[in-house]
2 protein chains.
Amino acid sequence: MVTIKEVAEYAGVSVATVSRTLNNSGYVGKQSRIKVEEAVKTLGYYPNEIARSLYQKTSKMIGLLLPDISNPYFPLLAKGVEDYAQRNGYMVILGNVEDDEEKEEMYVKFFSQYNISGVLSAASGKKSQTYQVPFVLLDRALEEENYSIATDDQLGGELAAKAIIDAKGKQVVVMAGPGNVAGANDRLSGALSVLNDEGLSYQVFETHTYQVDKAEETAVELFESTRPFDSVIASNDVYALAVMKETIKRGHRIPEDIQIIGYDDMLFSRLMYPGLTTIAQPAYEVGYQGAKMLVDLIEKNSIEQKKVKLKPKLMMRDSLR
Amino acid sequence: MVTIKEVAEYAGVSVATVSRTLNNSGYVGKQSRIKVEEAVKTLGYYPNEIARSLYQKTSKMIGLLLPDISNPYFPLLAKGVEDYAQRNGYMVILGNVEDDEEKEEMYVKFFSQYNISGVLSAASGKKSQTYQVPFVLLDRALEEENYSIATDDQLGGELAAKAIIDAKGKQVVVMAGPGNVAGANDRLSGALSVLNDEGLSYQVFETHTYQVDKAEETAVELFESTRPFDSVIASNDVYALAVMKETIKRGHRIPEDIQIIGYDDMLFSRLMYPGLTTIAQPAYEVGYQGAKMLVDLIEKNSIEQKKVKLKPKLMMRDSLR
DNA sequence: ACTAAATGTGTAATCGGTTACAGAATGAGG
DNA sequence: CCTCATTCTGTAACCGATTACACATTTAGT
């Protein structure tokens with residue numbers, strides 16, 4: 001690797017002048033500037049960020065903490081983060097923390113050892129105080145004074161319930177996502193508030209996990225532990241799918257006998273038969289905006305809002321009447 | 001942050017002694033060792049990796065280059081990588097390169113600026129010569145002399161065709177994945193070799209893209225441009241899904257009238273109705289083994305095989321007779 | 001033409017580690 | 001008891017950048 005020293009030598013100036021030229025800081029004469037630029041070009045020089053980082057005690061790296069990258073919601077979010085980061089010269093460090101405090105702590109340490117300049121977290125955020133650097137929560141807006149970008153899940157729940165009402169659902173089952181999942185409660189309360197306003201009869205069915213292998217059992221349980229229903233507001237698309245499967249298995253038609261609405265809008269939701277009507281979460285946007293907010297924080301640009309809520313969107317397909 | 005200097009002061013020794021103690025290098029007296037260990041403990045010291053990295057010209061960071069993290073195959077792979085890395089004290093830097101040479105070049109530069117110690121790539125790998133560090137290709141085994149971990153797609157294709165034969169398929173359509181996709185050709189040739197051996201009649205249907213939005217159109221096209229068939233070997237689960245949808249739409253029954261086998265085994269494949277029989281790729285394993293190989297390369301451990309092929313597996317569900 | 005301000009440049013300190021080297025202390029062997 | 005190898009420890013150089021500071025040169029103002 002070419003160092004600044006070699007550039008200085010080649011250009012016939014001191015390293016200080018090279019550094020000043022490259023960073024547009026301090027005064028640099030016309031002649032020197034030209035000589036340096038030429039040297040940089042012919043030598044193909046680019047600065048070692050590690051050395052820079054050592055002195056500046058910061059870097060162009062940001063950490064991204066996720067509960068589980070294999071959960072289909074997060075890859076899109078990660079893509080949004082990576083896109084913004086890349087466009088602005090930052091590198092993304094991926095951390096899978098699985099809501100495990102120990103792993104999160106490991107990363108807190110990692111990050112400080114590497115002079116990471118900021119952290120984006122879609123994980124618990126309990127450790128947020130520990131970070132000495134700018135910190136933005138993704139889809140986990142807590143009451144505390146954190147910066148955050150999240151989906152407006154209350155609205156999402158309302159949208160889902162409204163869609164069911166518009167589709168003339170009469171007896172509806174609302175699946176309540178596991179309590180520990182971000183936004184699950186907001187979704188539920190949004191849906192219930194609309195149903196209550198309309199005076200519609202409904203049952204709440206509790207699910208205890210997001211694990212895919214449990215989805216099928218849960219769907220069976222749903223049918224067995226509830227009174228007859230004609231509409232289901234699922235806690236997410238995976239559950240919606242499982243419920244659809246069980247519905248068809250039991251010989252009911254979708255949407256004629258039972259209609260179903262999901263939440264997330266995953267890749268496969270549109271490819272199902274029938275196509276799953278669902279609430280689309282702006283996952284990519286959450287990531288992208290989150291990265292933007294973080295970088296603004298790092299670079300001390302002004303920030304419009306400390307807590308941003310992005311709007312989910314109803315995706316009309318064929319699982320509603 | 002506590003520095004080594006403060007530890008040295010507190011312990012009443014020199015920084016050299018502290019460093020030697022921490023790295024178990026050179027001679028350290030019993031007394032000193034104890035004093036240092038105590039100082040480290042009470043001060044809560046841990047070394048700054050940036051400083052270490054500057055001198056050592058390497059780091060505990062590895063780069064992971066993916067064509068598209070939002071493609072459902074890669075998150076699992078990424079998880080495998082992250083798991084192994086984390087367990088061995090490495091950080092993973094995520095790069096989404098989208099088969100775009102310019103982006104890949106950007107990352108090559110990024111990586112060298114940060115003294116990255118190794119690179120895992122599921123992207124084209126055309127730039128692999130450019131890396132000055134250990135390099136392992138994931139699922140893109142080229143002819144060249146690279147280290148690589150890949151799925152045995154030839155075998156995967158054979159498995160799929162055999163399953164169709166066992167299920168008494170008579171007229172089969174084989175979808176040929178887009179040529180630029182890793183392994184697509186192997187899959188095809190594996191499937192065809194088995195079909196040929198059995199003397200079964202088949203048609204090959206070319207698909208030109210992996211884009212999800214095109215999957216539905218492609219499925220329609222499949223039905224319209226081929227002679228009657230009773231079995232489909234899809235190029236992946238997304239296509240399999242689209243074909244299932246179109247099949248049902250057209251009033252055929254699965255698997256009675258038309259049977260379908262996919263490739264990948266995605267989250268949703270088991271939740272479909274009917275459950276999609278498919279070839280499971282060991283995505284997590286590819287990532288995990290790849291990371292292991294890379295770390296072995298970095299730490300100059302011995303490596304058993306330069307090119308590893310992992311076996312795919314048939315997942316029997318309900319879309320075959 | 002003379003002084004003060006503005007501009008240009010190099011030397012050296014600094015960031016926080018690792019390690020070569022030299023010198024001191026200890027132990028072993030004769 | 002002396003010598004030499006072994007063990008221990010500290011000083012200082014180094015990694016590759018940034019920047020404070022001092023000094024030199026140019027420019028501007030009167």
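Labels below follow one simple rule: chain letters A, B, ... track the order of the sequence lines, proteins then strands, and each chain is numbered from 1.
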> Between the two end axes of the helix from C:dA1-D:dT30 to C:dG30-D:dC1, each built from 5 base pairs, what angle do you get to the nearest 10°?
40°
> Does B:Y46 have A:K109 sitting over its ring (NZ/CZ under 6.0 Å from centre, angle to axis within 45°)?
yes
> Which label fits B:F110 and B:Y107: parallel for a plane angle under 30°, tilted from 30 to 60°, or perpendicular past 60°?
perpendicular
> Verify the distance criterion only: is there a donor paired with an acceptor across the side chains of A:R52 and A:N115 at less than 3.5 Å?
no
> Within the pair B:Y46 and C:dG17, is there a side-chain N or O less than 4.0 Å away from OP1 or OP2?
no
> For B:I4 and D:dC15, give me the distance from atom CD1 to atom C1', rounded to whole Å.
15 Å
> Is B:K103 paired with B:E98 through a side-chain N to carboxylate O contact shorter than 4.0 Å?
yes
> In whole angstroms, how far is the C1' atom of D:dA17 from the CD atom of A:E9?
16 Å
> Do we see a donor-acceptor contact under 3.5 Å between the side chains of A:S148 and A:N146?
no
> Could you go through A:D83 and A:R87, starting from their C-alpha distance and side-chain angles, then the distance that decides it, and tell me whether this counts as salt bridge (charged side-chain N to carboxylate O under 4.0 Å, His left out)?
CA-CA 6 Å; A:D83 264 12; A:R87 284 179 199 158; 3.7 Å; yes
> Is B:D68 paired with A:K79 through a side-chain N to carboxylate O contact shorter than 4.0 Å?
yes
> Is there a donor-acceptor contact under 3.5 Å from the side chain of B:D264 to the main chain of B:M266?
no
> Which pairs, protein N/O on one side and nucleotides 5-11 of chain D N/O on the other, fall under 3.5 Å?
{"from": "D:dT7", "atom 1": "OP2", "to": "B:Y27", "atom 2": "OH", "distance (Å)": "2.5"}
{"from": "D:dT9", "atom 1": "OP1", "to": "B:S32", "atom 2": "OG", "distance (Å)": "2.5"}
{"from": "D:dT9", "atom 1": "OP2", "to": "B:G29", "atom 2": "N", "distance (Å)": "2.5"}
{"from": "D:dT9", "atom 1": "OP2", "to": "B:S32", "atom 2": "OG", "distance (Å)": "2.9"}
{"from": "D:dG10", "atom 1": "OP2", "to": "B:S14", "atom 2": "N", "distance (Å)": "2.9"}
{"from": "D:dG10", "atom 1": "OP2", "to": "B:S14", "atom 2": "OG", "distance (Å)": "3.1"}
{"from": "D:dG10", "atom 1": "OP2", "to": "B:T17", "atom 2": "OG1", "distance (Å)": "2.8"}
{"from": "D:dG10", "atom 1": "N7", "to": "B:R20", "atom 2": "NH2", "distance (Å)": "2.9"}
{"from": "D:dG10", "atom 1": "O6", "to": "B:R20", "atom 2": "NH1", "distance (Å)": "3.0"}

> Would you kindly say whether A:N48 and B:Y114 are connected by a side-chain donor-acceptor distance under 3.5 Å?
no
> Output the residues of residues 54-63 of chain A in contact with DNA chain C, where contact means a heavy atom of the residue under 4.0 Å from an atom of the strand; sort by number or write none.
A:L54, A:Y55, A:K57
> Are OP1 or OP2 of C:dC15 and a side-chain N or O of B:N48 less than 4.0 angstrom apart?
no
> Looking across every strand, which nucleic acid part, if any, lies under 4.0 Å from A:V7 by heavy atom: base, sugar-phosphate, or nothing?
nothing
> Determine, for B:Y84 and B:K292, whether the Lys NZ or Arg CZ falls below 6.0 Å from the six-membered ring centre while staying within 45 degrees of the axis.
no
